[in-house]
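When a residue number appears, it is its place in the shown sequence, counting from 1.
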Amino acid sequence: MTDNTGTDFDAIVVGAGFAGIYMTHKLRDELGLRVRTFEKGSGVGGTWHWNRYPGAMADVEAFVYRYSFDKEMLQEWDWKTRYIPQAEILAYLEAVVERHDLARDIQLETGVTSAVYDEDRDVWAVTTTDGGSHTARYLVTALGPLSKTNLPDIPGRDTFEGVMVHTGAWPEDLTIDGKRVGVVGTGSTGTQFVCAAARTAEHLTVFQRTPQYVVPSGNGPVTEEYVAGVKADYDRIWDQVRNSRVGCGFEESQTPAMSVSEEERRRVFEEGWRVGNGFRFMFGTFGDIAVDPAANEAAAAFIRSKIKEIVKDPETARKLTPTDYYARRPICNEGYYEAFNRDNVTLVSVRENPIREITPKAW
């Protein structure tokens, strides 16, 4: 099936990350369209091409963090841990591109600068950073939520004499081992980085704006028997994923949190904490944590109690304890709160003690 409106391509895809790679395959190989995918990076992979910071890995479990369309590759591709680290995810995506010969229709190091819809011709006019002009009947934006870095405009930033990097543009040859490191931000990426950097940096200073609800990831090795069992069960797994709310490979709970006793809630939360994974904890323990304030407070109070148990210094624990809704992206890490028990880790609450400026030597 092709479009014959006189356009350069039937479809243009912007971005060659997880979504862009799939759309290139879907539109070209399954629908028979003429496709050109533009990717500003020097390689495919999107998030996993750019984010090479220490600790970078998926927070969705490995057995579903892959494509379902290639059943043979699902049987051939193995994994050794519950979550896949960045380098292995990138290698997987590159292998998919090679296996399906998608690179011939992916133009790297080419960003899209504008896309204008011509209503008279019913086509998109797209311009790119290499000066090119292209037309297509269909435009698919596969930018994702992590395609643009943001460096905070802190006074003195340009005077800093050390190395300043964004986690979304991490140089391959940069190491933080044995160095004094400061990290600004404690979202999903920041908390992953904290866990990794705390183990290798001489000293790590964490500048936190918003305390996070973090549950254990439960990461660790998986057995060959486990992997074989998953592969044998993929038809059922993908059917469950496609018919679920969050698509993360587990059965979401239908039980309202307030329909059981406080003792039972604690037991369910404790089991979820032990099993690990942020999505499982928010959606697999009870079915209404994201929508019922009482259920949400019950889950939040449980995590707050864990922070108090884990973090030895009461003042650090206070700074780490959220007081708002448990409503952001469900974060999971192995050893996040424990990291702040280390002598080489310092926490700064920038809500209580704002960053005023960056000095040349940062001390």
Side-chain angles (χ1 to χ4, degrees), residues 17-19 21-22 45-48 51 55-71 73-74 77-86 88-90 92-93 96 142 144-146 187-189 191-192 195 212-223 226-227 229-257 268-292 295-296 299-300 302-303 325-334 336:
F18 248 105
I21 290 171
Y22 175 69
T47 292
W48 305 109
N51 286 265
M57 68 173 59
D59 59 2
V60 173
E61 294 171 74
F63 72 102
V64 290
Y65 205 76
R66 56 195 67 239
Y67 295 116
S68 62
F69 69 83
D70 189 331
K71 291 189 175 183
M73 195 169 188
L74 284 171
W77 201 265
D78 291 324
W79 64 98
K80 297 181 178 179
T81 53
R82 184 175 178 185
Y83 303 90
I84 315 176
Q86 174 270 330
E88 292 182 23
I89 298 173
L90 182 59
Y92 166 74
L93 292 173
V96 171
L146 306 175
S188 184
T189 292
T191 56
Q192 280 190 340
C195 293
Q212 298 286 357
Y213 294 99
V214 181
V215 304
S217 65
N219 194 28
V222 294
T223 65
Y226 165 81
V227 173
V230 168
K231 291 180 177 182
D233 200 27
Y234 258 133
D235 286 344
R236 184 201 63 80
I237 288 171
W238 291 125
D239 181 67
Q240 189 279 328
V241 166
R242 294 186 181 103
N243 290 283
S244 66
R245 286 184 292 161
V246 295
C248 290
F250 62 89
E251 294 289 341
E252 292 97 340
S253 173
Q254 303 300 317
T255 304
V268 172
F269 284 141
E270 188 67 48
E271 181 180 343
W273 183 271
R274 186 176 67 253
V275 171
N277 184 270
F279 295 99
R280 284 181 183 267
F281 190 87
M282 180 173 276
F283 299 101
T285 52
F286 295 102
D288 55 353
I289 289 174
V291 295
D292 180 67
N296 191 276
F302 177 86
I303 298 174
Y325 287 117
Y326 177 35
R328 294 181 174 84
R329 178 185 178 88
I331 296 176
C332 65
N333 288 293
E334 208 59 27
Y336 176 67

Rounded to the nearest 0.5 Å, what separation is found between the OH atom of Tyr234 and the OG atom of Ser68? 9.5 Å

Donor-acceptor pair, distance only, cut-off 3.5 Å: does the side chain of Ser253 make one with the backbone of Thr285? yes

Exam field: side chain Gln240 to backbone Phe250, donor-acceptor pair closer than 3.5 Å: yes

Are any side-chain N or O atoms of Asn296 and backbone N or O atoms of Ile289, one a donor and one an acceptor, separated by less than 3.5 Å? yes

Side chain to side chain donor-acceptor pair (under 3.5 Å) contacts touching residues 55-65 (sequence neighbours left out): Trp48-Tyr65, Asp59-Arg329, Glu61-Arg82, Glu61-Arg280

Any donor-acceptor N/O pair, Gln192 side chain to Met57 backbone, under 3.5 Å: yes

Quick one: salt bridge (charged side-chain N to carboxylate O under 4.0 Å, His left out) pairs with a partner in residues 229-240, sequence neighbours left out? Lys71-Asp235, Asp78-Lys231, Asp233-Arg236

Which residues satisfy the salt bridge (charged side-chain N to carboxylate O under 4.0 Å, His left out) test with Arg66, sequence neighbours excluded? none

Is there a side-chain contact between Trp77 and Val96 in this structure, where contact means two heavy atoms from C-beta onward sitting under 4.5 Å apart? no

Run Arg328 and Tyr213 through side-chain contact (heavy atoms from CB on, under 4.5 Å) and show every step you take. CA-CA 8 Å; Arg328 294 181 174 84; Tyr213 294 99; over 6 Å; no

Separation between CG (Leu74) and CZ (Phe63), nearest 0.5 Å, reads 12.0 Å

Ring centroid separation Phe269 to Phe286 under 6.0 Å: yes

Once you round to the nearest 0.5 Å, how far does CZ of Phe281 lie from SG of Cys332? 12.0 Å

Would you say OH of Tyr325 has more than 12 non-hydrogen atoms from neighbouring residues, nucleotides or ligands within 6.0 angstrom? no

Side chain of Tyr67, backbone of Leu93: donor and acceptor closer than 3.5 Å? no

Answer yes or no: is there a donor N or O on one side and an acceptor on the other, between the side chain of Gln212 and the main chain of Thr191, under 3.5 Å? no

Taking Asn333 for the side chain and Tyr336 for the main chain, is one N or O donor matched with an acceptor at less than 3.5 Å? no

State, yes or no, whether a side-chain contact exists between Tyr92 and Glu88 at a heavy-atom distance under 4.5 Å. no

Residue pair Phe283 / Ser244, side-chain heavy-atom distance below 4.5 Å: no

Do side-chain atoms of Tyr326 reach the backbone of Ile303 as a donor and acceptor pair under 3.5 angstrom? no

Check: Glu334 side chain, Pro216 main-chain N or O, donor-acceptor pair, under 3.5 Å: no

